[in-house]
Structure formats: C-alpha cells, structure tokens
Peer 1: 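Quick one: structure below, then a few questions.
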Amino acid sequence: MSHRDLASPFDELKPVTRSPLEFQGFVPEERLKDYYLKGYYQPQTIAQFLQESLSKYADQPAAIGLTHQSQGEGSGSQEQKWTYKQLAAQAELAAQRLQSLGARKGDRVLLQLPNCLEFLSYMVGSFQLGLVPVFCLPKHRERELEHFARQVDPAIHIFAQGAENCDYWSLYRAYSQRMLAANLRPPLALDITEPGQGLEPQAGLPGCPDAEETADKCAKPWESVALFQLSGGTTGRSKMIPRTHMDYLYSVRESAHICQLSPQTKMLVVLPAAHNFTMSSPGILGVLYSGGTLIMAGDPSPQTAFGLIQRHGATMASLVPALARAWALLAERGGLSFPSLELVQVGGAKFSPSAARHLVEVLGVKLQQVFGMAEGLVNYTRLDDPLEIVLTTQGRPISPDDEILILDDQDKILPAGQAGHLLTRGPYTIGAYYREEKANRESFTDQGFYRTGDLVVAHPSGHLEVVGRAKDQINRAGEKISVDEIEDFALQLPAVQDAVAVGLPDPDVGERICLVLLAGDLKAFGPSPLDYVRRAYRQAGFATYKLPERVELLSQFPLTKVGKISRKELRERIGKIISSPQ
Ligand code: OOB
C-alpha cells in the first residue's frame, strides 16, 4: 500500500492555533509554594531534565528494542541499540516530523505507540518542542481516542500502523470523521511506519529548539502542565490527569533514589511504556535520569521477556501481579534462573503475600511492591525493608510531605490501625482532573485531598496495606475499567432493560468483567448473549480489555435496604451461579 492510499482525508487541515491549556487545582497555593521552597520542585522542564542526561551520558547505551521506521531496504521491525547520543539524534528527527506537521509549543499530541524505540524518540522529541503528550495506550480504540481528542484538542495523533495487529488508520479516520461531523477539529495523523525524512536529522529543517526556549516562563512555574496521564475512571470515561513538570520530575528523581538506579541499571520495559508506573516509578524517566539502559519488550509475553533478560542482562523489571505470577510459574516449571535480575517491582493491583513469597523464592530476586496511581501518590516498599513487610504491605509514600488520611464512610478520621478510605495530598498528587468539574467535586475535598477510592490500613511503620476498593472500578491485570462506562453503554442496547457490571475474582488476571443484565427481550440476544454483547462493545470502538468476559441474565436485581442495586449481593449471587455445576 502506498503512502497516498494511507493519506489522511484531513491532510489539508493545517493545524491552527489550538485551544490553550487551562489549569485548575484545589491544592491551596500556599502549599504549592511551600513545596517549591522546600526544594521538591526544581526549576526545570522535562525537556531540560532529559537534555542533561542526553549530554551527560552521550556514549552510553540508552535503549535496546525494536524500531518500526523504514530502513531504506524495506521496512519492518528490527532490534537496535541506541546510545544517548543516538537517542538525541532520533528525538531531533521526530521533532522535525512533528514540526513539519505544524506542531507548536503548548500543543497536545496523542502519543499512542507500543514499546518500541520510537516511543522514546517521539516522547523526547515532543517534550523538546514543548508539546504536551497524552500518554495513550496502544490498546485504546476509537471510542477512547475520540474522548481524549475532544477533551484536550490535540494537534497530532502519533501511532504505528499495524502494531499489535491494529489498523490505527481506520481508528483515526473513524473518530476524526465523527469529530468533523460535530464541527470539531480532529488532530493530524503521524504514522511512524511511513517513510520519514531518513534516519538522520535534515539540515535546513528546524532542529529541536534549545530546551531553555521551550521552557514555560509563567509566573507560577508549579502550574506548568507537562503531560497528561489517563485515569482508569470510576465515573464514566477516563479522565485526563494533568501532571506538571515540577511535580512529575520530583516523583521521578525521588523514585530513582529509592530504587537505587545507576548507570548500571538495565530496566526491562514490559508493561505499556505510557503507563504511569512504567514511565515514572521510577520507570523510563528514572532510568534516563540515572544513565541506565531501557530494554523495550516488543510484546508482554514471559517468553519474550525471558529472552531479553538473558540476552541483554536486565537488572530490573516492573510487573503487574498477573504477569509476576505467570513469570514465577513459568520459571519454576522450566527450572529457569536469571542471574542478572536483581529487582522486580510489582504494582498496579494487589499482590497477595503468597504470590509475593513464591516470586521471591523462585526468581531469587529482591521484590519491591509499588502501590501508585496516575493521579500522583506512589508507595514503595524500600529495598532494605524486612522481608515480611515487603511480602505483606504495598509500601510507604515517596515524600515526607505526602499526607495520608484514612477515613470512615462519614469522612471522620479513623483510629490508627483501622481500615478505611485513603485520601491523599502532596507535592506530586494532582488537585484536579482536566475539565471535569463534576468529577472534581466528588474526587477532591475542599482542601485538595484526592479520594483514591482505595481501602487501606496503615501499619505502625507507616507502610500501607491495600485491603479493598470502594470505587466502582474493575481491575483486570492492572488495567482499570469504570463500571459506569460499561453499564452506560449496555443500557443503550435495545435488548437490555438494566445492567450492572461486576468484577469477578479470577486467578489469572485478578478480576474479569461480568455483565449482569435484566433482559427486555431475551430472544434479541440470539444463541449467545456473550457474543452479542462483545460484538456490540467492539463495534462501538471499546478497547478490547473492556469487553465483558461473562454475561449473566437475571429476571431481577437484588436491592439494598434503601432500594439501590446491591453490587455486593449481586457479586455473591453470580459467584454462586458460576461455582455451581451446570
Ligand atoms: C497504577 O496507576 P493507575 O492509575 O493505573 O491505578 C491506580 C489504582 C489505585 O488507586 C489502586 O486501586 C490500584 O490501582 N493499585 C493497587 C496497587 N497499585 C495500584 N492496588 C493494590 N495494590 C497495589 N500495589 O496502577 C500505578 C501507578 C504508579 C505506580 C504503580 C501503579
């Protein structure tokens, strides 16, 4: 297929001035100033932070991984190793491509790339131009992408056609057409697999501006938004999480110190690169800050990961519990050992003490539990914590100024040692979602504390143990799904009278989506209600991980005393239906 065939129908739309970024927070300004004065906030943008590493570690290996860009002799992915200097040159090339599409400082870009080397060059290039990346997942589909585009008005959508077997051009066209029909301006498309301008930055084209130039010179530097992370969402669709240069970099630097990263660190990047865990805890930015090497895993299978660890001597990896369990089982069965691997971080969902012990015993590595959230707060078990603490808790906060409240249902502080709702405020936790007035009133207190929706108990050492969840969310292998989003769509299906989505406990992925339906017309579902439902969600452009994996039809829903649907009883009832013989 030629470039022409793939060309976007919107190529003629040249980016014009996009809407400005707004900033709105509930954290009292005095506190933000205080964090600044305490030295948590350095007067530095992410571009300046990266620039320092790119020069300081110029000849050291920065990254190993697959690249999608055309290699002259035909394209396709192949493994390459980039030094920091090469990464800088590739970032410059990426910046040139972005600029040639008209991207300007302050513009948002949807960055939707798999774990390949270009993820790094386009991320660095975007920051260097003063663009604000929205860290999309490769698994996001047109429904999610359209929502992000409507929220942040991006100038460009960066993707790799064909990655993960997905036709990103057709997703792009579908949501862009809908936006145009609604009189909204879609972003331009940048498909990194299309031949660019060669492998070297071109003379004559503008290069990356000096990092100083793109730095925001605003009066309140702590308000300068660097990037958007995405929340799993509890009420409806994903919310956009504006992270500032200062807050994000503070968490990255501290995380790198806590995890003792160094130029010898070789981090295997298995989870999606864009996820907050992988990006900043200490993640990709932490490794680049420390002069270490990133090993980008092209696919998340344990087999690929094991091969990369052995070939390149990875020293650390970050996993979700589902993957950590799979690693431990496979390594045990195969009698495998990984002498280079020192540290395995596990986070994103609750890691049970027994699975934690098994991992440590089988892999002979140091385990670090990580309980974090894209909204900010990250807790780590420390590398010198006693084993029992590492196995049974999810760690303690990064900062002495992370405030932790554990409250009862009436927002009253609970006595020490009792489990309750976790609220938090601190130097790297957001004070508001982007353009979400209603959700903000629910998710933040007047004093700017974020309601995490997690139920925790604090140990005397200050370590938190996650004991449950109060938010309406399903956690499938670390991927968060808002039950509202699933239910809202089910209610639009003609055959459905009422719908409730529940997370069913699952030994492999933690939880699976079960959609419980009150059927208006049973026949409308055809022979397989599950097929009917999955088809409908797929056609509506939902990411695959959000498709229900089980459908139960009931004639009535159990109600609480006040007449609300009782999710608890529903879960129990469904549990019984599933465990009883057919
Ligand atoms: C990470 O970030 P998100 O935004 O995808 O999800 C945050 C939520 C938390 O509120 C909690 O419900 C759950 O994920 N979670 C955990 C957990 N880590 C996250 N629940 C139990 N145990 C854990 N260790 O998932 C994230 C962000 C940065 C670092 C690590 C994870």
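All ligand and atom numbering here is 1-based and tracks the order in the structure. Not measured: the values here are computed from a predicted model.
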Peer 1: When you measure from the side chain of Ser238 to the backbone of Ser231, do you find a donor-acceptor pair of N or O atoms at a distance under 3.5 Å?
Peer 2: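 Yes, because the side chain of Ser238 sits within donor-acceptor range (under 3.5 Å) of the backbone of Ser231.
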
Peer 1: If you count the atoms of ligand 1 from 1 in the order shown, which ones are under 4.0 Å from a heavy atom of Lys350?
Peer 2: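 Under 4.0 Å from Lys350, ligand 1 has these atoms: 20 (N), 21 (C), 22 (N).
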
Peer 1: For Gln369 and ligand 1, answer yes if some heavy atom of the residue is under 4.0 Å from a ligand atom, otherwise no.
Peer 2: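 Per 4.0 Å heavy-atom rule, Gln369 does not contact ligand 1.
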
Peer 1: What protein heavy atom lies closest to atom 6 (O) of ligand 1? Include the residue and the distance to one decimal.
Peer 2: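 The closest heavy atom on the protein side is Lys480 NZ, 3.0 Å.
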
Peer 1: Roughly how far apart are Tyr40 OH and Arg253 CZ, rounded to 0.5 Å?
Peer 2: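 Rounded to the nearest 0.5 Å, the OH-CZ separation comes to 12.0 Å.
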
Peer 1: Distance-only, no hydrogens or angles: does the Ser53 side chain make a donor-acceptor pair with backbone N or O of Leu50 under 3.5 Å?
Peer 2: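 No: the side chain of Ser53 does not pair with the backbone of Leu50.
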
Peer 1: Val466 heavy atoms, cut-off 4.0 Å: which ligand 1 atoms fall inside?
Peer 2: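 Answer for ligand 1: 21 (C), 22 (N).
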
Peer 1: Using non-hydrogen atoms of the residue, decide whether Lys471 is closer than 4.0 angstrom to ligand 1.
Peer 2: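 A heavy atom of Lys471 does come that close to ligand 1.
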
Peer 1: Which of the atoms of ligand 1 are close to Ser281, meaning less than 4.0 Å from one of its heavy atoms?
Peer 2: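 Taking each heavy atom of Ser281 in turn, ligand 1 has 28 (C), 29 (C) under 4.0 Å.
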
Peer 1: Is the ring pair His140/Tyr545 parallel, tilted or perpendicular, if the boundaries are 30 and 60 degrees?
Peer 2: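 Tilted, since the angle between the ring planes falls between 30° and 60°.
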
Peer 1: So Met267 and Thr315, do their side chains get closer than 4.5 Å, heavy atoms only?
Peer 2: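 In short, these two side chains do not touch, never coming nearer than 4.5 Å.
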
Peer 1: Hey, looking at atom 19 (C) of ligand 1, which of Gly347, Gly510, Gly372, Ala470 has the closest heavy atom?
Peer 2: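 When every heavy atom of Gly347, Gly510, Gly372, Ala470 is considered, Gly372 comes closest to atom 19 (C) of ligand 1.
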
Peer 1: His275 versus ligand 1: do any nitrogen or oxygen atoms come within less than 3.5 Å of each other?
Peer 2: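 Among all N and O atoms of His275, at least one is under 3.5 Å from an N or O of ligand 1.
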
Peer 1: Verify, without hydrogens or angle tests, whether Glu511 (side chain) and Asn475 (backbone) share a donor-acceptor contact under 3.5 angstrom.
Peer 2: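 Yes, because the side chain of Glu511 sits within donor-acceptor range (under 3.5 Å) of the backbone of Asn475.
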
Peer 1: Does Ser290 use its side chain to pair, donor to acceptor, with the backbone of Gly292 at less than 3.5 Å?
Peer 2: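 Absent.
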
Peer 1: Is the shortest distance from a heavy atom of Glu479 to ligand 1 less than 4.0 Å?
Peer 2: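 No heavy atom of Glu479 comes that close to ligand 1.
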
Peer 1: Are Tyr428 and Thr244 close enough that a side-chain donor and a side-chain acceptor fall under 3.5 Å?
Peer 2: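 Not at all, the side chains of Tyr428 and Thr244 share no donor-acceptor pair under 3.5 Å.
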
Peer 1: Is there a side-chain contact between Tyr35 and Trp222 in this structure, where contact means two heavy atoms from C-beta onward sitting under 4.5 Å apart?
Peer 2: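 Not touching, per the 4.5 Å side-chain cut-off.
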
Peer 1: In the protein, what heavy atom is nearest to atom 24 (N) of ligand 1, and what distance, to one decimal place, separates them?
Peer 2: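 Result: Val370 O, 2.8 Å.
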
Peer 1: Do me a favour and list the nearest non-hydrogen protein atom to atom 9 (C) of ligand 1 with residue, atom name and distance?
Peer 2: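 Of every protein heavy atom, Asp454 OD2, 3.3 Å lies nearest to atom 9 (C) of ligand 1.
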
Peer 1: Would you call Arg469 a ligand 1 contact, heavy-atom distance under 4.0 Å?
Peer 2: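 Not so, Arg469 does not reach ligand 1.
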
Peer 1: So for Gly232, does at least one of its heavy atoms come nearer than 4.0 angstrom to any atom of ligand 1?
Peer 2: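 No, Gly232 has no heavy atoms under 4.0 Å from ligand 1.
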
Peer 1: Under 3.5 Å, which donor-acceptor pairs link side chains of residues 363-371 to any protein atom two or more places apart or in another chain?
Peer 2:
from: Lys366; atom 1: NZ; to: Leu383; atom 2: O; distance (Å): 2.8
from: Gln368; atom 1: OE1; to: Gln345; atom 2: NE2; distance (Å): 2.9
from: Gln368; atom 1: NE2; to: Thr381; atom 2: O; distance (Å): 3.0
from: Gln369; atom 1: OE1; to: Gln394; atom 2: NE2; distance (Å): 2.9
from: Gln369; atom 1: NE2; to: Val390; atom 2: O; distance (Å): 2.9
from: Gln369; atom 1: NE2; to: Leu391; atom 2: O; distance (Å): 3.3
from: Gln369; atom 1: NE2; to: Thr393; atom 2: O; distance (Å): 3.3

Peer 1: So which protein heavy atom does atom 23 (C) of ligand 1 come closest to, and at what separation?
Peer 2: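 Nearest neighbour among protein heavy atoms for atom 23 (C) of ligand 1, to 0.1 Å: Ala349 O, 3.4 Å.
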
Peer 1: State whether the shortest distance between N or O atoms of Gly348 and N or O atoms of ligand 1 falls below 3.5 angstrom.
Peer 2: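 There is such a contact, yes.
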
Peer 1: Starting at CD1 of Ile430, measure out to OG of Ser443 and round the result to the nearest 0.5 Å.
Peer 2: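 Here the rounded value is 8.0 Å.
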
Peer 1: Identify, for atom 4 (O) of ligand 1, the protein heavy atom at the shortest distance, and state residue, atom and that distance.
Peer 2: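 Protein heavy atom at minimum distance: Ala374 N, 2.9 Å.
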
Peer 1: Give the residue, atom name and distance (to 0.1 Å) of the protein heavy atom nearest atom 30 (C) of ligand 1.
Peer 2: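 The answer is Phe277 CG, 3.5 Å.
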
Peer 1: What part of Gln394, side chain, backbone, both or neither, has a heavy atom within less than 4.0 angstrom of ligand 1?
Peer 2: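 The part of Gln394 near ligand 1 is the side chain, not the backbone.
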
